[in-house]
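Input: a single structure, listed below in structure tokens.
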Amino acid sequence: MSAFAFAFPAVLTALVLLPVIWWLLRLTPPKPLTEVFPPFAVLAAIMKREETPAQSPWWLTLLRMLMAAAIIFAIADPVFNPRTNTLAASGPLVLVVDNTWASATDWQQRIDTASVLIDDAESRDVPISLVLTAERQHDAVPVDAATARNRLAAAEVRPLPADRASAVASLRTALDGTAPGTLAFISDGMASGETDEAVAALQALAPADFRIVAGDGAPAVAVTAASNGADALSVTLTRLDGGPARSLPLTAHDSRGRPIATGTADFAAESGTTTGTITAPFELRNDFARITIDGLANAGGTYLLDDGFRRRRVAFLSGEVMDASQPLLSPLHYINRALAPYADLIEPSVADLSVAIPELLEQNPSVLIMADIGRLPEDAQGAVERWIEAGGMLVRFAGPRLAAAPADDPLVPVLLRKGERALGGALSWSEPQPLSAYPANSPFAGMRAPEDILIKRQVLAEPTPDLAERTWASLADGTPLVTTGPLGSGRIVLFHISAETGWSNLPLSGDFVEMLRRTVQLSRGGGVSAGDGAETQGLPPYRLMTANGTLAAATGEAKPLAAGNAEKAIASFDNPPGLYGTEDGYVAHNLFPPGHQIRPLAVADGAGMTREPLAGRQTWSLKPHLFTLAALLLLADCAIVLFMGGAFAAAARGMPKRGATAAVLLALAAGALVAAPPESRAADDKPGDEAIMSRLDTTHIAYVVTGEGEVDRISERGLAGLTEFLTYRTTLEPGEPVGVDISKDELALYPIIYWPVSASAEMPSSAAISRIDAYMRSGGTVLFDTRDQYVSLDGNSTSPNTERLQAILANLDIPPLEPVPADHVLTKAFYLLANFPGRYAGSPLWIEAELDRAEDPSRPARAGDGVSPIMITGNDFAGAWAVDANGMALLPTVPPDEVQRDHAFRAGVNIMMYMLTGNYKADQVHVPALLERLGQ
């Protein structure tokens with residue numbers, strides 16, 4: 001099959017006439033002239049030089065030649081991917097069509113391809129044998145074209161992989177030794193099973209013409225696993241082709257089909273598998289019923305979730321007697337309060353462990369928590385071991401009983417030393433230990449660094465080679481705090497402290513809640529029975545998946561699913577993908593098990609084998625496009641001829657008669673534009689552009705408008721006083737200070753923004769603080785002034801303004817800070833200063849800390865020429881700078897001292913020079929002059 005051909009190639013012989021057309025087009029008679037009597041006008045025209053060319057310009061001739069060539073090619077009808085009837089007539093046409101889940105995205109093209117082949121077979125009076133590889137039964141007996149079309153029209157996509165072996169066996173039986181004429185394998189391009197011998201088996205039928213027809217395989221993507229982690233749902237995907245990098249959007253739906261969360265999965269280049277994430281709160285993830293790949297409506301792009309992704313059932317036991325009058329002393333009190341929002345909690349009804357433990361395990365919990373329980377009774381211990389091996393999770397907390405238990409306890413993840421370790425007691429040389437950062441292999445990784453948590457007692461683990469791998473959390477001295485270890489299909493987790501506050505203050509912290517929540521989240525969601533692993537009755541079909549990835553009522557020939565095969569086997573005719581069980585509880589059976597990877601179909605090219613793309617819309621003709629091009633060239637030629645003939649010049653001569661009217665209309669239109677409201681003007685004329693342009697002529701100092709009249713007035717007058725001082729004392733002549741609304745105004749116009757922090761002002765929104773953060777990252781500086789140095793006179797270390805500043809800075813990514821060092825550029829940017837007073841003189845000026853490169857060579861170079869993006873003071877700079885219209889100070893300094901006010905202005909000058917010149921004065925070339933000024 002040729003990729004390009006002409007329907008009427010004989011028409012192309014007309015191209016030999018193009019030189020003749022070229023010669024004819026080059027001959028153009030002179031343009032006829034219209035002369036007006038009297039004869040003097042004729043004589044005057046005769047004296048003029050003839051300006052009309054005797055032949056057309058070369059570019060006009062070339063345009064007409066292109067138009068003629070376009071018409072000739074259009075009549076020849078060039079066609080891309082033309083179809084020709086090349087079927088072999090020596091035997092029946094055999095169509096093997098993959099109607100699998102991967103065919104859903106281009107199923108219509110596959111139908112069109114098979115229809116074209118059936119039409120070709122009908123024209124040659126050849127019988128057709130049609131088989132579909134995703135059907136349970138096959139009728140491969142050759143039939144006429146009409147019957148084949150009816151079967152093809154009734155065919156539909158199945159949410160199953162291909163079963164090509166049974167299809168080939170049916171073909172072999174139906175043909176009974178007759179060799180096919182043309183055998184067309186319309187494949188989904190995907191291997192079926194570990195060893196797919198379908199191509200070799202079809203070649204063994206000895207067809208005269210063997211064709212493999214397939215698409216590009218790019219849409220073949222399937223979800224193979226989903227794991228509900230501590231903070232997000234991880235989704236594993238596999239694709240057929242390891243092509244370029246590709247990003248796929250993921251959507252989580254609830255049981256009613258409503259989308260409730262989204263995520264993405266990114267395939268790296270040449271990679272066949274990837275893992276995506278859907279981040280959502282724990283409570284929302286409990287409502288996930290299925291995961292879909294947006295834009296891929298098939299069984300492979302849909303992954304069903306069952307009861308295993310919902311809230312966990314947690315059972316807990318305590319070695320101490322419950323005292324209802326003192327609940328805070330009970331170790332189970334803090335566990336109950338921490339897990340109640342996230343799990344269903346169950347307690348034993350009796351205190352006897354040999355009775356309580358079997359009672360709890362009969363309720364199929366996901367997690368069993370034991371607080372300070374030493375050695376269990378022998379029968380209860382065996383039941384717990386079997387339950388863990390079947391997939392359960394045991395979480396234990398230490399205490400006096402566990403510390404005194406024998407060292408060979410099998411229900412602990414690591415070998416323990418007998419006894420307990422006391423920290424900070426009267427007979428101990430060591431102090432209570434804080435927690436260290438959580439290791440990367442821990443489910444607690446990503447939590448904030450532990451603060452204010454101290455461990456006073458713990459049980460110690462014996463050093464073993466794998467102790468570090470089993471440690472999820474440890475103390476600052478390296479001793480384990482939380483350890484884990486597998487047991488069969490389950491897991492044991494040990495907290496080396498007690499569950500109440502006797503050994504540490506961890507149960508009182510939010511870290512305790514988060515650690516328990518993340519630990520429980522790792523357990524099996526559907527619960528674990530002590531009898532798991534035994535033969536159980538099959539689960540009946542409840543809801544089955546359709547070809548487009550939706551769920552429908554269970555009908556057809558689906559059989560009950562063995563409970564242990566839900567996550568192990570690939571979907572089949574007996575067990576198609578869907579939900580198995582009842583409304584009270586069901587198991588999800590997806591198309592592929594976890595870890596499965598789809599592979600391309602192995603095809604070894606041989607004699608008589610050809611590869612073809614899918615038909616249908618891939619065949620298209622250039623004829624309409626060429627006729628359109630010829631028409632456009634004709635219009636262009638007409639316009640050029642009219643222009644050369646003076647038609648547009650004649651129209652232009654009539655313009656003066658209408659000039660006055662056009663001028664009036666133009667004036668009216670201009671007036672309407674000026675009077676129009678801002679929203680009716682051009683899109684480029686945005687509100688606020690005039691103000692922005694007016695502030696680009698010179699440097700302006702900005703201040704944050706807090707909404708409090710007196711605070712904003714002092715800020716404006718303070719920056720006005722500093723501007724006046726800069727104008728008279730330096731070569732810098734700033735413009736008038738500008739008040740900015742940090743939530744909407746453009747901040748990049750100002751090198752520094754003065755922010756008077758006020759606790760009574762409205763707290764800035766998170767979006768406004770994000771804009772300030774972006775401004776600081778882009779090279780700007782914010783000077784925060786809490787104006788609360790006077791508080792220190794009363795002995796109070798924290799004012800409301802400082803607390804407000806702390807709330808603002810909590811949402812900003814600020815660098816480490818330090819008071820201005822004695823040799824910093826700020827102390828010598830213009831004036832030589834030892835401190836930076838305002839109305840008050842006791843507060844230091846905090847700036848970004850400058851780490852010594854010799855101590856930290858890996859520290860990256862700072863942007864902004866070394867200028868600190870943040871400054872903090874409490875000295876009330878604006879209050880010291882504020883002046884009235886006559887230049888008189890508005891507020892007194894504390895204590896009253898005009899020298900202090902002068903130093904405050906000098907501090908403002910140094911800050912502005914530092915902002916505009918950066919670390920310029922840090923250069924060694926200025927050292928001799930500075931030493932001379934200092935008298936050294």
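Once rounded to the nearest 0.5 Å, the distance linking CG of Leu726 with CD1 of Ile911 reads 10.5 Å. Distance check: Ile497 CD1 to Asp372 CG gives 12.5 Å after rounding to the nearest 0.5 Å. For the atom pair OH of Tyr728 and CD of Glu733, the computed distance is 9.5 Å after rounding to the nearest 0.5 Å. To the nearest 0.5 Å, atoms CD1 (Ile847) and OH (Tyr914) are separated by 5.5 Å. Atoms NZ and CG, from Lys828 and Leu826 in turn, are 10.5 Å apart once rounded to the nearest 0.5 Å. For the atom pair CG of Leu916 and OG1 of Thr730, the computed distance is 9.0 Å after rounding to the nearest 0.5 Å.
The minimum heavy-atom distance linking Ala829 with Asn910 is given by the pair CB-O, 3.6 Å. Between Arg901 and Leu891, the shortest heavy-atom contact is NH2-O, 2.7 Å. Of all heavy-atom pairs spanning Phe836 and Phe877, the tightest one is O-CE2, 3.5 Å. Of all heavy-atom pairs between Tyr754 and Ser715, the closest is CE2-OG, 4.0 Å. Residues Ile742 and Arg771 share a closest heavy-atom pair of O-NH1, 2.6 Å. For the residue pair Ala371 and Ile335, the shortest heavy atom distance occurs at CB-CD1, 4.4 Å.
For the pair Thr471 (side chain) and Ala473 (backbone), a donor-acceptor distance under 3.5 Å is absent. The backbone N or O of Ala822 lies less than 3.5 Å from a partner atom in the side chain of Thr827, making a donor-acceptor pair. Side chain of Asp785 to main chain of Asp876: a donor-acceptor pair is present (N/O by atom type, distance under 3.5 Å, no hydrogens or angles). The backbone N or O of Ala759 lies less than 3.5 Å from a partner atom in the side chain of Arg804, making a donor-acceptor pair. Of the possible donor and acceptor atoms, none in the side chain of Glu708 sits under 3.5 Å from a partner among the backbone N and O of Glu710. Between the side chain of Thr479 and the backbone N or O of Leu475 there is no donor-acceptor pair closer than 3.5 Å. In terms of modelled atom types and a separation under 3.5 Å, the side chain of Trp881 and the main chain of Ala904 share a donor-acceptor contact. Panel note: side chain Arg518, backbone Ala445; a donor-acceptor pair is recorded below 3.5 Å. Gln900 places a side-chain N or O within 3.5 Å of a backbone atom of Gly838 that can act as its donor or acceptor partner. Within the 3.5 Å criterion, the main-chain N or O of Asp745 finds no donor-acceptor partner in the side chain of Asp741.
Paired with Ile753 under the rule side chain to side chain contact (heavy atoms under 4.5 Å, CB included), one option of Leu783, Val704, Thr781 passes, and it is Val704. Ile872 pairs in a side chain to side chain contact (heavy atoms under 4.5 Å, CB included) with only one of the listed residues (Ile814, Val782, Leu805), which is Leu805.
The closest side-chain heavy-atom distance from Val820 to Pro844 is not below 4.5 Å. Side-chain contact between Arg787 and Ser758: present, with at least one pair of heavy atoms (C-beta onward) separated by less than 4.5 Å. Within the 4.5 Å cutoff, the side chain of Leu522 has heavy atoms near those of the Pro443 side chain. Looking at heavy atoms from C-beta onward, Arg717 lies out of side-chain contact with Asp884 at the 4.5 angstrom threshold. Side-chain contact check for Tyr334 versus Thr501: some heavy-atom pair is nearer than 4.5 Å. Taking 4.5 Å as the limit, some side-chain heavy atom of Val459 sits within range of a side-chain heavy atom of Trp503. With a 4.5 Å cut-off on side-chain heavy atoms, Leu749 and His700 do not count as touching. Side-chain contact between Asp452 and Ser509 is absent, with no heavy atoms from C-beta onward closer than 4.5 Å.
Residues Ser799 and Asn801 have side chains that never bring a donor and an acceptor to within less than 3.5 angstrom of each other. Using a 3.5 Å distance cut-off with no hydrogens or angles, the side chains of Thr786 and Asp788 do pair a donor with an acceptor.
Between Arg713 and Glu716 there is no salt bridge, since no side-chain nitrogen of the basic residue lies less than 4.0 Å from a carboxylate oxygen of the acidic one.
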Exercise for the section: Mind running side-chain contact (heavy atoms from CB on, under 4.5 Å) on Leu732 and Met913 for me, showing each step along the way? Expected result: CA-CA 9 Å; Leu732 176 63; Met913 294 303 174; 4.3 Å; yes
Practice task
Test Arg448 against Asp511 for side-chain contact (heavy atoms from CB on, under 4.5 Å), laying out the working first.
Solution key: CA-CA 9 Å; Arg448 62 178 180 84; Asp511 284 26; 3.3 Å; yes
Exercise for the section: Kindly indicate, with the supporting measurements, whether the criterion side-chain contact (heavy atoms from CB on, under 4.5 Å) is fulfilled by Thr723 and Glu736. Expected result: CA-CA 7 Å; Thr723 299; Glu736 296 180 357; over 6 Å; no
Handout entry: Check against side-chain contact (heavy atoms from CB on, under 4.5 Å), Glu746 and Val740
Key = CA-CA 8 Å; Glu746 179 58 50; Val740 296; over 6 Å; no
Problem - Full working for side-chain hydrogen bond (donor to acceptor under 3.5 Å, both in side chains) between Thr706 and Asp712 - result: CA-CA 7 Å; Thr706 63; Asp712 295 340; 2.9 Å; yes
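Within 6.0 Å of CD on Glu803 lie more than 12 heavy atoms contributed by other residues, nucleotides or ligands.
Ring pair Phe905/Phe725 is parallel by interplanar angle, where below 30° counts as parallel and above 60° as perpendicular. The aromatic rings of Phe495 and Phe444 lie tilted to each other, with the angle between the two planes from 30° to 60°.
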